[in-house]
Amino acid sequence: MIRTVESEQHVSAPVLAAYSYCEAVTGQQARNFAYGIRLLPTPKRRAMSALYAFSRRVDDIGDGALAGEVKAARLKDTRALLARVREGSVAEDDIDPVAVALAHSAETFSIPLDGLDELIDGVLMDVRGETYETWDDLKVYCRCVAGAIGRLSLGVFGTEPGARGADRAPEYADTLGLALQLTNILRDVREDAEGGRIYLPSDDLAKFGCSAGFNGPTPPEGSDFAGLVHFEVRRARALFAEGYRLLPMLDRRSGACVAAMAGIYRRLLDRIERDPEAVLRGRVSLPGREKAYVAVRGLSGLDARHVTRRTVRRRA
């Protein structure tokens, strides 16, 4: 069983300032993520913001315009900083607010910090320009950049005492991360192509006549782009279905946070499925009112109860 204990002790002014910085970064740069973590109690919300701010730093290095060797050097420095956090050698008055907040979070919750090493490994794959021939190949990347985030988040959430099957919670958190990442890949297919990146497996691209890539607002001539999108949507839905088995293992507010974030991406997937070519014309997103509905649904526990009923029926 994974269980975390929220700290009720006094939090010093330097640590609070560090958390405030991380929450500002999260609010400005991760609207979907920030929307979900609003539902958490303060200690967990702060810890999730610290995880996001560190992850954002890693992603920004990979996405920047620097030369590959410079990116690799900066990622090496970031890994060294993570080692300091792991060793407990980051002081409260350190000049790096992200390190201070992450160090305090790691002391407060059972966060598997090795997941951030995996994230750095995944971003190094981007720096090297790796491509993926099969779904099994792509899964390795997705587990690094998203599955690891699911497992890190679970370290903050914890599982409820006596939750059935809680030993599989990290597996479900990892799978839910894969579902979110595959949805991201579909949403950003043209933006990534313009940046010289192709994430969808080359086997899938060839199967649907899309090996030429996505460099404009229309699919490659003669391709079955809609077929490709629907194929990947079905894969993502299967991952969501498996990952959602995590929800009944979480407390109400942690479950609501996960349901809200995952629910937003599931609705993005619905929109992509209805109009596959929309991802070639621009970024698909949800209006604020729809995100609010997803959050209310998550807070009400509807998604967790649905998963529980479905699991019981399977066992029966």
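- Note: D174 CG to R151 CZ = 4.5 Å, rounded to the nearest 0.5 Å.
- Taken to the nearest 0.5 Å, the CZ atom of R266 stands 13.0 Å off from the CG atom of L286.
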Item to check | Working for side chain to side chain contact (heavy atoms under 4.5 Å, CB included), residues F109 and M48 | outcome: CA-CA 11 Å; F109 298 98; M48 292 294 287; over 6 Å; no
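- Under the side chain to side chain contact (heavy atoms under 4.5 Å, CB included) criterion, D117 pairs with R79, L82, R86, D114, not counting sequence neighbours.
- No donor-acceptor contact under 3.5 angstrom links the side chains of T175 and E242, judged on distance only.
- If you take CG on L75 and CD1 on I61, they are separated by 4.5 Å, rounding to the nearest 0.5 Å.
- Of the possible polar contacts, none joining the D188 side chain to the E191 backbone as a donor-acceptor pair under 3.5 Å is found.
- Using a 4.5 Å heavy-atom cutoff, the side chains of L280 and P219 are in contact.
- Taking each heavy atom of F157 and L250 in turn, the nearest pair found is CB-CD2, 4.2 Å.
- L119 places none of its side-chain heavy atoms less than 4.5 Å from the side chain of L152.
- The heavy-atom pair separating A50 from Y19 by the smallest distance is CB-CE2, 4.2 Å.
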Can I get a per-line list of side-chain donor-acceptor pairs under 3.5 Å for residues 255-262, giving both atom names and the distance, sequence neighbours left out?
none

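- Residues A169 and T159 share a closest heavy-atom pair of CB-CG2, 3.8 Å.
- More than 12 heavy atoms of other residues, nucleotides or ligands sit less than 6.0 Å from atom CZ of F231.
- Looking only at side-chain heavy atoms (C-beta outward), Y199 and C142 stay at 4.5 Å or farther from each other.
- Going from atom CG of L138 over to atom CG of L182 covers 7.0 Å, rounded to the nearest 0.5 Å.
- Residues R46 and H104 form no side-chain contact, since every pair of their non-hydrogen atoms from C-beta on lies 4.5 Å or further apart.
- Closest approach of P201 and E133 over heavy atoms only: CB-O, 3.6 Å.
- At a threshold of 4.5 Å between non-hydrogen side-chain atoms, the residues L180 and L239 do not count as touching.
- Separation of atoms CG (L113) and CZ (F54) is listed at 8.5 Å; rounding is to 0.5 Å.
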Checklist entry - Can you check side chain to side chain contact (heavy atoms under 4.5 Å, CB included) on R253 and L39, steps first, answer last? => result CA-CA 6 Å; R253 291 176 71 177; L39 304 174; 5.6 Å; no
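- In this structure, CG on D126 lies 3.5 Å from OH on Y141, to the nearest 0.5 angstrom.
- Using a 4.5 Å heavy-atom cutoff, the side chains of V98 and L81 are not in contact.
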Next on the checklist: Checking V145 against M125 for the side chain to side chain contact (heavy atoms under 4.5 Å, CB included) test, could you report, in this order, the C-alpha distance in whole Å, the side-chain angles of both residues, the deciding distance, and whether it holds?
Outcome noted: CA-CA 10 Å; V145 300; M125 293 181 195; over 6 Å; no
Item to check | Candidate pair V100 and V15, rule side chain to side chain contact (heavy atoms under 4.5 Å, CB included), full reasoning | outcome: CA-CA 6 Å; V100 172; V15 172; 4.1 Å; yes
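- Counting heavy atoms from C-beta outward, R143 and L178 have side chains that approach closer than 4.5 Å.
- Minimum interatomic distance between P220 and S223 (heavy atoms only, all atoms of both residues): O-OG, 2.7 Å.
- Each side-chain hydrogen bond (donor to acceptor under 3.5 Å, both in side chains) pair with one or both residues in residues 47-75, not counting sequence neighbours, appears once here: Y52-R56, R56-D60, R57-D96, D63-R197.
- A distance-only check finds no donor-acceptor pair linking the side chain of R281 to the backbone of P217 [under 3.5 Å].
- Across A103 and V90, no two heavy atoms sit closer than the pair CB-CB, 4.1 Å.
- At a threshold of 4.5 Å between non-hydrogen side-chain atoms, the residues L40 and V156 do not count as touching.
- Ionic pairing of D270 and R237 is present here: one or more N-O contacts between side-chain nitrogen and carboxylate oxygen are shorter than 4.0 angstrom.
- Listed by chain and residue number, A236, F240, Y265, L268, L269 satisfy the side chain to side chain contact (heavy atoms under 4.5 Å, CB included) test with T183 (two or more places apart in sequence, or in another chain).
- Put simply, L124 and V140 are part of the same group of oily side chains (I, L, V, M, F, W, Y) that touch within less than 4.5 Å, one to the next.
- Within the structure, the side-chain hydrogen bond (donor to acceptor under 3.5 Å, both in side chains) test picks out the following pairs touching residues 200-211 (sequence neighbours left out): D204-R235.
- With sequence neighbours excluded, the residues that form a salt bridge (charged side-chain N to carboxylate O under 4.0 Å, His left out) with R45 are E23.
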